Amino acid sequence: MFVIRFNSGMTELGTTGRTPSRRNWRSAVRDWGPDGNERLTTSVALVLLALLVLETLTTLSLRSYLAVHIFLGLLLLPPVALKLASVGWRFVRYYTRSNPYRLKGPPELLLRLLAPLLVASTVTLLGSGVALIATTHRGGLLLTLHVASFVVWGVLIAVHILVYLTRTLRVGAEDWRRRADRVAGTGGRRLAVVCALFAGVVVALATYPVQQAWLSHRRQSRHDERRFHASKAPDRRSLSV
């Protein structure tokens, strides 16, 4: 059944019961339901999985790949924020007794117990890394915190990946396949993932001069330390006399 609506002298043809095209983001995300939320979570998880593999590989030789490590760490910030927002939305909807989310069921018990530690270690890891660069610190408490949080985060993320890897690989690409079953909000979720990745690239590129300044300061400090220790070292010729 078609209806004609008159708005500010303009005629608009639509169908009864059609959802308005202009809605706030909360309404849009609510309409996705738990299935749409799962697709967003797993979709951005695929992006994070690829980036985190690269980031972890740089730690095998930080002396050679420290610049890449810093660049990727900053690039990760928006995608990680999107992942936390998606998971946080599910958490809120489940514990505010939203029927669709209650029917979907809670996450695995082990993951629910580890979730606060995983979130805290993730925030600490990324936050301490940003603080190291922003304050031009090269060591001290911030570096200790960064390393310690990386160790804790590494153990927790390994468990997280082992539990969710199969589901992520199965569901994460559904919004990007032409013949996949459609869930409301496909375009919005695609846009969210692309925008998060683009924002990460912008953050990493915009802070590139700061990254280079920090690396230069670090190299200069290491050079000064070597010269200082060399000046304090005893002369071998005087010892041989």
Side-chain angles (χ1 to χ4, degrees), residues 1-3 5 12-52 75-116 118-120 122-123 126 156-157 159-203:
M1 177 180 176
F2 290 88
V3 297
R5 293 181 295 174
E12 181 179 351
L13 185 64
T15 57
T16 56
R18 177 174 293 178
T19 304
S21 59
R22 294 183 178 180
R23 300 173 301 173
N24 60 48
W25 68 269
R26 291 187 182 87
S27 298
V29 173
R30 191 178 295 113
D31 288 347
W32 297 355
D35 291 334
N37 175 265
E38 182 181 26
R39 287 195 177 188
L40 176 61
T41 302
T42 53
S43 187
V44 70
L46 282 178
V47 174
L48 286 174
L49 183 61
L51 293 175
L52 288 174
L75 192 153
L76 278 165
L77 294 176
V80 167
L82 178 60
K83 177 71 155 50
L84 292 176
S86 179
V87 173
W89 177 266
R90 178 186 176 183
F91 174 87
V92 171
R93 297 295 287 165
Y94 180 83
Y95 286 103
T96 54
R97 299 190 176 278
S98 171
N99 286 333
Y101 285 85
R102 300 288 289 185
L103 292 174
K104 186 77 173 179
E108 299 286 342
L109 178 60
L110 175 62
L111 273 298
R112 277 188 286 168
L113 295 176
L114 296 179
L118 180 58
V119 172
T122 300
V123 173
L126 295 176
L156 295 176
I157 200 65
V159 175
H160 186 84
I161 290 174
L162 286 175
V163 173
Y164 284 120
L165 182 60
T166 301
R167 184 188 301 179
T168 298
L169 295 176
R170 176 172 50 84
V171 181
E174 288 297 300
D175 277 343
W176 308 89
R177 294 173 181 164
R178 291 184 177 181
R179 298 183 179 180
D181 294 335
R182 294 293 177 182
V183 173
T186 298
R189 290 189 297 274
R190 288 177 179 173
L191 182 62
V193 174
V194 171
C195 286
L197 188 56
F198 179 74
V201 173
V202 170
V203 169

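None of the values given here were measured: they were computed from a predicted structure. When a residue number appears, it is its place in the shown sequence, counting from 1.
From Leu82, atom CG reaches atom CZ of Arg189 across 12.0 Å, with rounding to the nearest 0.5 Å. Atoms CD and CZ, on Glu174 and Arg177 in that order, are 4.5 Å from each other to the nearest 0.5 Å. The CG atom of Leu48 sits 9.5 Å away from atom CD1 of Ile161, with the distance rounded to the nearest 0.5 Å.
Contacts classified as salt bridge (Lys or Arg N to Asp or Glu O under 4.0 Å) and involving residues 76-85 (residues at least two apart or in different chains) are not found.
Between Pro79 and Ala196 the shortest heavy-atom distance is CD-O, 3.6 Å. Counting all heavy atoms, side chain and backbone alike, Pro78 lies closest to Ala199 at CG-C, 3.7 Å. For Val183 against Trp32, the heavy-atom pair with the smallest separation is CG1-O, 3.9 Å.
With Ser86 as the partner, the side-chain contact (heavy atoms from CB on, under 4.5 Å) test is satisfied by one option alone out of Val193, Leu40, Thr42: Leu40.
Checking side-chain atoms of Asp175 against main-chain N and O of Gly187 turns up no donor-acceptor pair under 3.5 Å.
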Do Leu169 and Leu46 pass the side chain to side chain contact (heavy atoms under 4.5 Å, CB included) test, and can you show the C-alpha distance, the side-chain angles, and the key distance before you say yes or no? CA-CA 7 Å; Leu169 295 176; Leu46 282 178; 3.9 Å; yes

Side chain to side chain contact (heavy atoms under 4.5 Å, CB included) for Thr41 and Arg90? Distances and angles first, verdict last. CA-CA 10 Å; Thr41 302; Arg90 178 186 176 183; over 6 Å; no

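With sequence neighbours left out, Arg102 forms a side-chain contact (heavy atoms from CB on, under 4.5 Å) with Tyr94, Arg97.
Between Val44 and Val80, every side-chain heavy-atom pair lies at or beyond the 4.5 Å cut-off. Between Leu51 and Leu197, the closest side-chain pair of non-hydrogen atoms falls below 4.5 Å.
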Under 3.5 Å, which donor-acceptor pairs do the side chains of residues 103-111 form with other protein atoms, sequence neighbours left out?
| unit_1 | atom_1 | unit_2 | atom_2 | d |
| --- | --- | --- | --- | --- |
| Lys104 | NZ | Asp35 | OD1 | 3.0 |
| Lys104 | NZ | Glu38 | OE1 | 3.2 |

